[in-house]
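Because the structure is predicted, anything quoted here is derived from the model rather than measured.
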Amino acid sequence: MNVEYLRTAKKSYMIIKEADYPFEEYELKMILHNDIPCLLPLQVIVEDGQVEYWYDVTGIQSLKKQFSLAPAGEKELRVLLQNLAELKSIMDDYLLDDASICFSSDKIYEDRFSGKIRFCYVPGLNRQKPAGLKGLFEDVLQQLNHSDPIAVKMGYEMYERCMQSDFVIEDCFACLRIQKQNKETSEPAEIDRKGDDLKEWEGMAEKREVSNPFTEETFPRKRYRKKAKERKTGED
C-alpha cells in the first residue's frame, strides 16, 4: 500500500495506491452508493491501468497530526471511543467488515469542530490481516498525556481489552465509563453520558435507514483522470 496526498484549490485528497486487494463485489457498491457517516468519502480512479482509491480529507486533520501537536488526554480518548462504537454499529448495518478499516493514526481523520471522526475503508484489506485496533491503541499509548491519570487508565484499558479479544462495542462503553475521581471527596465525579448508553446506540441503529446500494448496473463506478501534476508524496 502506497499513500500520496494531493491538494487542489478546493479539495484535499489522500490517495491510496497499490491496494488492489480481492474483495466481495457488494463491498465497493456499499461504499460508492451510500453516504456512510463514519467513513471518508471515496472515489475509485483508474490511472495507467492501476486502481487508486481517492479519499476526500478536505478540512479535516489526521489523528497522527493531532498527536504531534498535543498529547492525547481524556477528552480525546472519549471522542475516539464514542466514534469507534458508532463505527462498529454502522459497519454491521451496511454488512461491512471493520477489519477492512485502516486503523492507522495517519489514515483516521477528525473534524475538530464537530468531534466527528472519519475512518478509511480499503476494500479487501481484511484479507491482508492488518494490525487493526491493536496497532492504533499502541500508537495511542505512545501519545498519551501522562499527566492525565484518567487518560492513562483509559488508554491502557483499551489496549488490554484489545489484546485479550476482538474490541467490540461493549468494550468501548466499558472504557467510557471510567470516571474521574473528585479530588476533594475521592468520590466518582459525574460524567457526560452523551453517547455512553448502549441501548441508545442500539435504538439509533434500529432507526437508521440503509439505502439499497444495488441499483447501479455498472460496477465498479470508475472515473478516469489525467495524471495529476500537483500530486506530492508527503502530508502537509
J.: Go through the steps to decide whether Leu69 and Gln61 satisfy the test side chain to side chain contact (heavy atoms under 4.5 Å, CB included), and finish with yes or no.
T.: CA-CA 11 Å; Leu69 297 175; Gln61 191 175 65; 4.1 Å; yes

J.: Nearest heavy-atom pair of Cys102 and Lys107: which atoms, and what distance?
T.: SG-CD, 3.2 Å

J.: Measuring from atom CD1 of Ile108 to atom CG of Leu80, what distance do you get when rounded to the nearest 0.5 angstrom?
T.: 7.0 Å

J.: Do the charged groups of Glu24 and Lys29 touch, with an N to O distance under 4.0 Å?
T.: no

J.: Of all the heavy-atom pairs spanning Val3 and Met14, show the shortest one and how long it is.
T.: CG1-CG, 3.7 Å

J.: Is there side-chain contact between Leu6 and Trp54, with at least one heavy-atom pair below 4.5 Å?
T.: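 Side-chain contact under 4.5 Å: yes.
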
J.: Rounded to the nearest 0.5 Å, what separation is found between the NZ atom of Lys88 and the CD atom of Glu170?
T.: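 The CD atom of Glu170 is 10.0 Å from NZ of Lys88, to the nearest 0.5 Å.
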
J.: Is any side-chain heavy atom of Met158 closer than 4.5 Å to one of Leu81?
T.: yes

J.: Partners of Arg161 by salt bridge (charged side-chain N to carboxylate O under 4.0 Å, His left out), sequence neighbours excluded?
T.: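 With sequence neighbours excluded, Arg161 shows a salt bridge (charged side-chain N to carboxylate O under 4.0 Å, His left out) to Glu157, Asp171, given in chain and number order.
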
J.: Could you state the interatomic distance from CD (Gln82) to SG (Cys175), rounded to the nearest 0.5 Å?
T.: 12.0 Å

J.: Any donor and acceptor pair, going by atom type alone, linking the side chain of Asn145 with main-chain N or O of Ala70 inside 3.5 Å?
T.: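 Judged by distance alone, no pair lies under 3.5 Å.
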
J.: Any side-chain heavy atom of Leu141 sitting closer than 4.5 Å to one from Val152?
T.: no

J.: Starting from the C-alpha separation in whole Å, work towards a yes-or-no answer on side chain to side chain contact (heavy atoms under 4.5 Å, CB included) for Phe23 and Asn126.
T.: CA-CA 9 Å; Phe23 56 85; Asn126 58 332; over 6 Å; no

J.: Within the side chain of Asn2, is there an N or O that forms a donor-acceptor pair under 3.5 Å with the backbone of Glu18?
T.: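 It does not hold such a pair.
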
J.: With the side chain counted from C-beta on, respond yes when Leu136 and Ser104 share a heavy-atom pair under 4.5 Å apart, and no when they do not.
T.: no

J.: Report yes if the side chains of Cys38 and Ile36 come closer than 4.5 Å at any heavy-atom pair, otherwise no.
T.: yes

J.: Please report the shortest heavy-atom distance between Asn83 and Ile117, naming the atom on each side.
T.: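 So the two residues come closest at OD1-N, 3.0 Å.
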
J.: Compare every heavy atom of Ala72 with every heavy atom of Phe67, then report the nearest pair and how far apart it is.
T.: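 Distance-wise, the nearest heavy atoms are CE2-CB, 3.7 Å.
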
J.: Side chains of Leu87 and Ser89, heavy atoms from C-beta outward: is any pair under 4.5 Å?
T.: no

J.: Going by atom types alone, do Gln43 and Tyr55 pair a side-chain donor with an acceptor below 3.5 Å?
T.: no

J.: Taking salt bridge (charged side-chain N to carboxylate O under 4.0 Å, His left out) as the test, write out the residues that go with Asp56, two or more places apart.
T.: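 Testing Asp56 for salt bridge (charged side-chain N to carboxylate O under 4.0 Å, His left out), a comparison that skips the adjacent residues, returns Lys11.
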
J.: Please tell me if the side chains of Ile101 and Leu133 come closer than 4.5 Å, counting only heavy atoms from C-beta onward.
T.: no

J.: Going through the checks in order, is the side chain to side chain contact (heavy atoms under 4.5 Å, CB included) test met by Met154 and Ile150?
T.: CA-CA 6 Å; Met154 291 177 69; Ile150 302 302; 3.9 Å; yes

J.: Do Asp111 and Lys116 meet the salt-bridge criterion of a basic N to acidic O distance under 4.0 Å?
T.: no

J.: Is it the case that the side chains of Ser62 and Asp106 hold a donor-acceptor pair, with the cut-off being a distance below 3.5 Å and no angle test?
T.: no

J.: Checking Gln143 now: which residues fulfil side-chain hydrogen bond (donor to acceptor under 3.5 Å, both in side chains) with it, not counting sequence neighbours?
T.: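 For Gln143, no residue satisfies side-chain hydrogen bond (donor to acceptor under 3.5 Å, both in side chains) once neighbours in sequence are set aside.
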
J.: List the steps, then state whether side chain to side chain contact (heavy atoms under 4.5 Å, CB included) holds for Tyr26 with Leu95.
T.: CA-CA 9 Å; Tyr26 77 89; Leu95 306 178; 4.3 Å; yes

J.: Do the side chains of Glu110 and Leu63 get nearer than 4.5 Å, heavy atoms only?
T.: yes

J.: Check whether any side-chain N or O of Ser12 sits under 3.5 Å from a backbone N or O of Val57 as a donor-acceptor pair, and report yes or no.
T.: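 Here the side-chain-to-backbone pair does not exist.
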
J.: Taking all non-hydrogen atoms of both residues, which atom of Glu74 and which atom of Asp148 are closest, and how far apart?
T.: N-OD2, 3.0 Å

J.: So how far is it from Leu125 CG to Ser100 OG, rounded to the nearest 0.5 Å?
T.: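 The CG atom of Leu125 sits 5.5 Å away from the OG atom of Ser100.
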
J.: So which heavy atom on Gly115 is nearest to which on Val79, and how close?
T.: O-CG1, 3.4 Å

J.: Rounded to the nearest 0.5 Å, what separates atom SG in Cys172 from atom CZ in Arg177?
T.: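 Going from SG on Cys172 over to CZ on Arg177, the span is 11.0 Å.
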
J.: Would you give the length of the straight line joining atom CG of Asp98 to atom CZ of Phe119, rounded to the nearest 0.5 angstrom?
T.: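 Between atom CG of Asp98 and atom CZ of Phe119 there are 10.0 Å.
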
J.: Using ring centroids (six-membered ring only for Trp), state whether Phe137 and Phe167 fall under 6.0 Å.
T.: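 So the answer is yes for these two rings.
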
J.: Could you tell me whether a side-chain N or O of Arg118 sits under 3.5 Å from a main-chain N or O of Tyr109, the two making a donor and an acceptor?
T.: no

J.: Are Val168 and Leu77 connected in the hydrophobic side-chain network, where two residues link if heavy atoms are under 4.5 Å apart?
T.: no

